[in-house]
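Just so it is clear: chains get the letters A, B, ... in the order the sequence lines come, proteins before strands, and each one is counted from 1.
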Amino acid sequence: MVVMDILAGLNDAQKQSVTTTSGPLLILAGAGSGKTKALTHRIAYLIANEGVWPEQILAVTFTNKAAREMRERLSGLLGQENTRTFMPWMGTFHGICVRLLRIDGEAVGVPRNFIIYDEDDRQGLIKQAMKQLSVSDKEIKPRTISSAVSNAKNELVTPDEFESTAQFPYQKTIAKVYRQYEKMRREAGALDFDDLLIETVRLFRDHSTVRTKWRDKFTHILIDEYQDTNAAQYALIKLLVNNQQNIAVVGDDWQSIYSWRGADFTNILNFERDFPGATVIKLEQNYRSTASILDAAHSVILKNTQRSDKKLWTAAGEGAPVRVHAVDDETAEAAFVAEAIAAQVAIGTRRYDDVAVLYRTNAQSAPLERAFMRYGVKYRIVGGVRFYDRKEVKDILAYLKLAVQPRDRMSFSRVVNVPTRGIGATSLEKFLAWQGSTDFDIIAALSNVEQTSSLTPRAKAALAGLGEILRSIQASIVNDAPAEVIEKLIKRTGYDTYILDDTPQAEDRQENLGALISDASAFASVDDFLEEAALLSSADSSADDNEVTLMTLHAAKGLEFPVVYMVGMEEGILPHARVYEAGPAELEEERRLCYVGMTRAREELHLTYAYSRITFGQRSYQPVSRFIADMGDQVLQTTGGPDRGATNRYTADEFDDFFPDEPFTSGDRVKSQAFGKGTVVDVDGLALTIEFDGGTTKRLNAEYARLEKI
DNA sequence: CGGTTGCACTTTTTT
DNA sequence: AGTGCAACCG
């Protein structure tokens with residue numbers, strides 16, 4: 001690999017991003033400006049031309065998927081074979097922190113076998129903490145406390161500090177719950193998502209030997225999506241950067257959409273202040289979208305006051321205008337989108353996987369799913385109910401967690417009576433009270449349950465039985481591959497028959513367990529598997545089948561599609577109603593969200609809004625989103641006027657204008673790649689009945705059959 | 001103890 | 001509209 005190859009095909013700003021290898025570097029990368037390319041080539045350049053070892057590079061990405069893709073591209077660029085172990089320190093903040101804590105966490109009291117609590121686990125434990133403190137969940141919702149705790153942690157605020165600054169009684173209460181939650185969490189040997197970051201910060205802050213070791217090791221640091229770093233991540237970065245100051249951050253404040261999670265885009269605006277002498281490079285050429293799309297997106301974002309100045313431009317032509325489509329309601333909206341996609345696919349101008357449908361809230365996916373099924377449009381949903389959030393999957397994972405970490409009361413409480421084994425709330429409480437008074441961990445306590453007098457013989461027998469099951473799982477973890485462990489677990493616990501009720505979901509659940517087993521087979525150990533399951537984001541799945549992608553605007557960050565539909569362009573949805581009572585800052589974030597969505601589109605961008613929509617089981621009427629007005633008239637061609645209200649439907653002509661369709665009709669002469677020439681004798685949507693000249697009659701799908709009109 | 005019924009709440013976005 | 005949970009009954 002020579003310098004020329006690595007720099008070939010890059011523009012000047014990109015080249016500079018690659019070759020500026022020493023000192024702090026800020027790359028302001030607009031949407032679609034070839035940021036990933038610049039980053040990948042930068043790493044390749046460091047390794048191939050500057051003699052930096054891959055192990056010395058700390059590269060932080062926003063999602064696991066981004067890390068995986070970059071690792072693959074990099075391997076290709078450098079001709080690497082062993083993709084899996086290459087660039088071991090490339091990953092998300094959370095993933096990297098897990099690795100660091102597994103190695104050095106004991107210095108700050110993090111047990112080597114710690115398990116990771118997800119949002120559900122955390123909320124469950126907070127509920128328990130509230131119960132113990134007799135805090136009614138009517139007064140303060142567990143969710144509120146959970147997010148308060150998360151915010152506190154992200155700001156590196158301890159329970160003590162929280163309490164000392166608390167002014168109102170309810171803040172005192174939150175502080176109390178926070179402290180109790182921390183106590184219980186620690187006893188369970190678990191870390192929540194935020195702990196992964198702050199324990200690592202504590203590790204580096206309080207242990208200079210450890211800090212120095214890692215500082216010296218990481219000679220080059222790269223942070224992607226820097227605009228979405230929070231205070232804890234910022235502190236971590238500061239602690240890890242050594243005197244060489246070889247830190248490169250990449251981001252775009254226009255695309256900061258995670259402030260609700262503690263992200264602070266002033267981190268990127270202040271980079272030059274934090275790292276004096278930083279080189280600043282702006283990537284301003286957009287290689288993704290047509291001028292129409294870029295102009296419209298620009299008009300939206302320019303209304304924000306809190307933003308940097310930059311001027312994205314494209315060499316691409318104007319392209320098709322951004323289209324705005326008014327529809328009756330959410331059903332009509334879904335049908336419109338499904339029909340339009342089906343039409344484009346049917347005539348072969350697009351494939352399903354050219355298209356993404358983006359929405360503000362997960363709840364909006366339901367009508368779309370129904371319509372897509374009805375129209376036979378293949379789709380996949382990114383996010384929503386994540387695979388690893390399914391009840392049956394979480395149950396199995398809870399068994400595994402408990403086997404790995406027998407002090408994990410949360411997981412124990414989850415599985416103690418699943419499948420039902422006659423242990424109710426009373427027995428559970430008694431057992432836990434007794435176990436807490438002994439030195440036994442949960443599994444040991446189960447095995448010694450005879451020693452307590454407070455339980456009925458029946459309950460004791462059931463608990464002892466569970467203890468045996470857990471011991472057998474532990475043994476299996478030592479001896480068997482992860483997939484086998486899970487298979488045995490499912491049988492041993494009777495979970496396989498437990499999920500076979502007579503509901504229609506029984507089959508789904510079975511399939512999910514099958515998928516879980518096959519997922520697990522890719523891992524070397526149960527520990528690895530549990531880690532991945534906890535940290536995998538909803539944006540990480542990568543089914544590359546030919547399917548339309550449905551996802552939230554947030555999940556779409558970093559992706560691009562030839563055709564994008566943004567649905568629900570109404571006040572109250574985008575911008576979301578919740579920001580009305582918040583402040584201008586929140587409205588600006590909604591605007592950035594709109595910008596992010598629009599700039600995902602390469603060639604075609606369609607926006608839809610509905611005259612009415614059912615929310616919370618109530619029909620509501622919302623005006624069109626202000627962002628549509630912001631886009632300006634010249635780039636928009638509105639079909640179906642806003643004034644046409646409830647009767648606003650597309651005429652057949654209008655529809656054909658926008659989605660030219662040339663469907664097959666009876667009598668058409670066609671040629672099939674597989675069956676030769678024939679005549680269409682019947683049409684039912686995409687299903688065609690064709691009499692081939694050889695005499696055979698086939699029913700074919702117009703989309704897949706590779707038919708050609710002749 | 002376990003299942004069922006009815007009521008209340010939901011919908012912001014996620015590592 | 002769909003889900004989760006609390007209160008009730010068998």
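Applying the 4.0 Å criterion to OP1 and OP2 of dT13(B), one finds that Lys557(A) has every side-chain N and O outside that range. Proximity of Thr63(A) to the phosphate of dT15(B): no side-chain N or O atom is located under 4.0 Å from OP1 or OP2. Phosphate contact (OP1/OP2 of dT14(B), side-chain N/O of Thr552(A), threshold under 4.0 Å): present. Phosphate contact (OP1/OP2 of dC5(C), side-chain N/O of Lys127(A), threshold under 4.0 Å): present.
Residue contacts for Asn417(A): at a heavy-atom cut-off of 4.0 Å it reaches the sugar-phosphate backbone alone, with no base atom in range. Contact annotation for Glu589(A): no contact, since no heavy-atom pair falls under 4.0 Å across all strands. As judged by a 4.0 angstrom heavy-atom cut-off over every strand, Thr615(A) is placed among residues making no nucleic acid contact. Within 4.0 Å (heavy atoms only), Asn362(A) reaches sugar-phosphate atoms of the nucleic acid but no base atom. The residue Ile423(A) sits close only to the backbone: its heavy atoms come under 4.0 Å of sugar-phosphate atoms, none of a base. As judged by a 4.0 angstrom heavy-atom cut-off over every strand, Arg143(A) is placed among residues touching the sugar-phosphate backbone only.
Checking dT11(B), dT13(B), dC1(B) against every side-chain atom of Ala363(A), the shortest atom distance belongs to dT11(B). Comparing dT14(B), dT15(B), dG4(C) by their closest approach to the side chain of Tyr258(A) singles out dT14(B).
For the pair Arg390(A) CZ and dT3(C) C1', the computed distance is 16 Å after rounding to whole Å. As a whole-Å value, the separation of Lys65(A) NZ from dT14(B) P is 14 Å. Leu535(A) has its CG atom 12 Å from the C1' atom of dT14(B), to the nearest Å. The CZ-C1' distance, from Arg370(A) to dG2(C), rounds to 10 Å in whole Å. When rounded to the nearest whole Å, the span between CZ of Arg613(A) and C1' of dA1(C) equals 15 Å. Note: CD (Gln618(A)) to P (dC9(B)) measures 15 Å, nearest angstrom. A straight line from CD of Gln123(A) to C1' of dG4(C) spans 12 Å, rounded to a whole angstrom. Between the P atom of dT14(B) and the CG atom of Asp120(A) lies a distance of 14 Å, rounded to the nearest Å.
The shortest heavy-atom contact between Trp89(A) and Ile96(A) is O-CD1, 3.8 Å. Residues Glu119(A) and Ser146(A) come closest through the heavy atom pair OE2-OG, 2.8 Å.
Note on Arg578(A) versus Glu590(A): no salt bridge recorded, every NZ/NE/NH1/NH2 to OD/OE distance being 4.0 Å or above. A salt bridge is defined here as a Lys NZ or Arg NE, NH1 or NH2 lying under 4.0 Å from an Asp or Glu carboxylate O, and Arg591(A) with Glu588(A) fails to meet this definition.
dT15(B) has no base stacking with the ring of Phe93(A) when judged by centroids under 5.5 angstrom apart and an interplanar angle below 30°. Here Phe616(A) lies parallel enough and close enough to stack on the base of dT11(B), with planes under 30° and ring centres under 5.5 Å apart.
Considering OG of Ser147(A) and CD1 of Ile174(A), their distance stands at 8.0 Å, rounded to 0.5 Å.
If you take atom C1' in dA6(C) and the same atom in dT11(B), they sit 23 Å apart, rounded to whole Å.
Position along DNA chain B of the nearest nucleotide to Ala459(A) versus Thr361(A) favours Ala459(A) as the more 5'-ward residue. Where His576(A) and Ala425(A) each meet DNA chain B at their nearest nucleotide, the meeting point lying more 5' is that of Ala425(A).
Residues Tyr595(A) and Ile257(A) have side chains not in contact (no heavy-atom distance under 4.5 Å, counting atoms from C-beta outward).
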